[in-house]
Amino acid sequence: MRFAAEVSDLELADYQRAVRLVLRHPLITATWPDEKALSRIRRFAAELRVDLSEAFGYRLESHGTTARLVRTADRLETDRPAVSRTGRPFDRQRYAYLSLCLATLGRAGIQITLSELAEAAAADAGRISGLGLDPDSGADRRAFVDAVAWLEERGVLRLADGSSSAWASDPGAGEALYDVARDAVLALFRPPRVLQHIESVTALLDRSLSSSGNAERRAAAQAARRAVLERPIVYYDDVSAEVGNHLRGQALAADLYRLTGLRLERRAEGALLVDTAGWSAERFPGTGSVAQAAVLLAVTIAERVADPDGRRTRRMPVPDPAEAREKLIGQIDAGLPTSVPLGLDSDETTVHEPEEAENPERRLPLITDSFLREATAEILHRYGSAFGAAWHADPDRLRTEAVDLLSRFGAVLPVPGGVLARPLIGRYRSTVAQVRQRSLF
């Protein structure tokens, strides 16, 4: 199939921008991510609906002034949390409040006050063991306002009067009135299965259970396209042989370029989609102290593992990803209710996880925590004025956040006692790093 077949060459660049827009922002409202986004999607709605379905197995839905891309999940992800306006990742409490707010808004009218929303959420939270929402607790109010602000930022709630920060400071004196975008409320949370009918979070992973050869090949091709879109880098060792074959094929690169305008870069170990359009929510290398420290650490690690004799680092087997996956599943499932509705067909929750390539001899260089601490200290000493006083006072935090960034981009793999250097780290070998010094004025 030739994607964007109905799009003229004159409109192709605009179409590719629309594809990148909806892939980055699966929820688009009248104001989110900006006032022009919805019109860009509506312009190519028919073509987008067909191409996104055929290429990735995604479903584009329109609800009034809202467009929603319902994506297919291949695995559980932990590196893309919801964040507050201050950049703080949501914890379980905030996610719970967000869910309770959506449940309340689904039953509400076209307007609601913040105190009414809080009262309804508190009533539901009080019936959940270990949660609760006490308006007299500053911590509970801040967590609740973070959830409300997340909805407000995306245009699900539109402030008509008052201030949520005033309510957070003093619920008795402060108040806020919101207009409710009901189409956005209905579109925001669209699980592939009825939540009451699942026994494990794995049931939310959308799977095609067809056993025909053509269907399996189509599913593998879609999984390969999704992988390079949703991961900073895809290593062939981390995917099934069928998906790996599609990653190596020429058709995938041509399809993605036609759809997104982005080029696929392939190496012996894997593939990545090169972001030349500012499409990614987070980029590496990037700006900021953590990103600068991460690049400098990457250079140091690359030099460490480049020893031709291999005496400076020892190699360790790559941990079985199934163990980490099962641990994560267990942590999430611990929050599920213990009861399951009667009459549930057990076959309904059967999920076939994708098989990952097995290579018991696969080993990667180990970079110890002690080496990373020394490297971070050297970076702070060498590029002192490039990092603020707070980072000099807390080098462990800088190291931790920089390593987390490298991990999110597939350059390292955290293990007890350090990290394993993945092939991407070699890109920074012999790199000369320059850090812009902070201005004193």
Side-chain angles (χ1 to χ4, degrees), residues 78-94 137-143 145-147 149-150 153 163-166 168-169 232 275 278 280-305 313 366-422 424-425 427-441:
T78 61
D79 56 357
R80 287 181 285 184
V83 295
S84 68
R85 286 177 173 171
T86 59
R88 178 179 179 178
F90 273 31
D91 52 17
R92 281 196 167 194
Q93 183 184 29
R94 285 166 172 77
S137 168
D140 284 3
R141 290 201 307 273
R142 287 190 294 273
V145 168
D146 278 347
W150 191 92
E153 185 178 17
S163 167
S164 59
S165 59
S169 299
D275 183 6
S280 306
E282 184 179 35
R283 306 184 75 184
F284 182 76
T287 58
S289 296
V290 172
Q292 290 178 343
V295 171
L296 293 169
L297 273 180
V299 173
T300 304
I301 294 171
E303 293 174 349
R304 177 79 172 181
V305 302
T313 59
L366 172 66
I367 307 300
T368 63
D369 283 334
S370 60
F371 176 84
L372 293 171
R373 279 192 291 269
E374 293 172 2
T376 304
E378 175 61 24
I379 289 169
L380 288 171
H381 175 72
R382 185 175 180 181
Y383 304 97
S385 61
F387 297 93
W391 295 117
H392 284 273
D394 193 357
D396 281 342
R397 178 179 162 223
L398 179 63
R399 171 182 59 85
T400 299
E401 295 194 16
V403 169
D404 286 345
L405 179 58
L406 291 174
S407 176
R408 289 198 298 274
F409 278 86
V412 299
L413 180 65
V415 294
V419 298
L420 299 181
R422 307 200 79 178
L424 182 65
I425 209 74
R427 180 184 291 263
Y428 302 96
R429 188 178 302 134
S430 302
T431 298
V432 177
Q434 293 182 341
V435 179
R436 182 179 298 174
Q437 302 296 309
R438 288 176 177 265
S439 174
L440 299 178
F441 302 98

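Computed from heavy atoms alone, side chains included, the values below leave out hydrogens, waters and symmetry copies. None of these values were measured; they are calculated from a predicted model.
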*Please, which pairs that meet salt bridge (charged side-chain N to carboxylate O under 4.0 Å, His left out) have at least one residue in residues 411-421, sequence neighbours excluded?*
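Residue pairs passing salt bridge (charged side-chain N to carboxylate O under 4.0 Å, His left out), neighbours aside: none found.
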
*Could you give all pairs that pass the salt bridge (charged side-chain N to carboxylate O under 4.0 Å, His left out) test and reach residues 412-422, with sequence neighbours left out?*
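Listed once each, the pairs are Asp238-Arg422.
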
Identify every side-chain donor-acceptor pair in residues 295-302 under 3.5 Å, counting partners at least two apart or on other chains, and give the distances.
unit_1: Thr300; atom_1: OG1; unit_2: Leu296; atom_2: O; d: 2.9

[X] side, atom [atom1]; [Y] side, atom [atom2] - distance, nearest 0.5 Å:
{"X": "Ile379", "Y": "Trp391", "atom1": "CD1", "atom2": "CH2", "answer": "13.0 Å"}
{"X": "Leu398", "Y": "Asp396", "atom1": "CG", "atom2": "CG", "answer": "9.5 Å"}
{"X": "His381", "Y": "His392", "atom1": "NE2", "atom2": "NE2", "answer": "10.5 Å"}
{"X": "Ser289", "Y": "Leu380", "atom1": "OG", "atom2": "CG", "answer": "9.5 Å"}

*With sequence neighbours excluded, what pairs up with Arg397 under the salt bridge (charged side-chain N to carboxylate O under 4.0 Å, His left out) test?*
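Partners of Arg397 by the salt bridge (charged side-chain N to carboxylate O under 4.0 Å, His left out) criterion, ordered by chain and then number, come out as Glu401.
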
*Output all residues satisfying salt bridge (charged side-chain N to carboxylate O under 4.0 Å, His left out) with Arg429, sequence neighbours left out; order by chain, then residue number.*
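So Arg429 forms no salt bridge (charged side-chain N to carboxylate O under 4.0 Å, His left out) with any residue.
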
*Mind checking what makes ring pair (Phe, Tyr, Trp, His ring centres under 6.0 Å) contact with Tyr428, not counting sequence neighbours?*
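Testing Tyr428 for ring pair (Phe, Tyr, Trp, His ring centres under 6.0 Å), a comparison that skips the adjacent residues, returns Phe284.
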
*Step by step, work out the side-chain contact (heavy atoms from CB on, under 4.5 Å) result for Leu420 and Ile367.*
CA-CA 6 Å; Leu420 299 181; Ile367 307 300; over 6 Å; no

Would you list the atom pairs, donor with acceptor, under 3.5 Å between side chains in residues 83-91 and any protein atom, with sequence neighbours excluded?
unit_1: Ser84; atom_1: OG; unit_2: Thr86; atom_2: N; d: 3.4
unit_1: Ser84; atom_1: OG; unit_2: Thr86; atom_2: OG1; d: 2.9
unit_1: Ser84; atom_1: OG; unit_2: Arg88; atom_2: N; d: 3.1
unit_1: Asp91; atom_1: OD1; unit_2: Gln93; atom_2: N; d: 3.3
unit_1: Asp91; atom_1: OD1; unit_2: Arg94; atom_2: N; d: 2.9
unit_1: Asp91; atom_1: OD1; unit_2: Arg94; atom_2: NH1; d: 3.4
unit_1: Asp91; atom_1: OD2; unit_2: Arg94; atom_2: NH1; d: 3.0

*asked:* Taking side chain to side chain contact (heavy atoms under 4.5 Å, CB included) as the definition, give me every residue that meets it alongside Ser169, ordered by chain and number, with sequence neighbours left out.
replied: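 Here no residue qualifies.
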
*Would you please name every residue forming a side chain to side chain contact (heavy atoms under 4.5 Å, CB included) with Ser163, sequence neighbours left out?*
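Counting only residues at least two positions away or on another chain, Ser163 forms a side chain to side chain contact (heavy atoms under 4.5 Å, CB included) with Ser165, Ala166.
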
Show every donor-acceptor pair shorter than 3.5 Å between a side-chain atom in residues 403-417 and any protein atom, with sequence neighbours excluded, or say none if there are none.
unit_1: Arg408; atom_1: NE; unit_2: Glu282; atom_2: OE1; d: 3.1
unit_1: Arg408; atom_1: NH2; unit_2: Glu282; atom_2: OE2; d: 2.7

_Thr368: partners by side chain to side chain donor-acceptor pair (under 3.5 Å), with sequence neighbours left out_ =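 Result, side chain to side chain donor-acceptor pair (under 3.5 Å) vs Thr368: Ser370.
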
*Just jot down the side chain to side chain donor-acceptor pair (under 3.5 Å) partners of Ser137, sequence neighbours excluded, or say none.*
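Checked Ser137 against side chain to side chain donor-acceptor pair (under 3.5 Å); zero matches.
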
*What pair of heavy atoms forms the shortest contact from Val145 to Ala168, and how long is it?*
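Closest approach of Val145 to Ala168, heavy atoms only: CG2-CB, 3.7 Å.
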
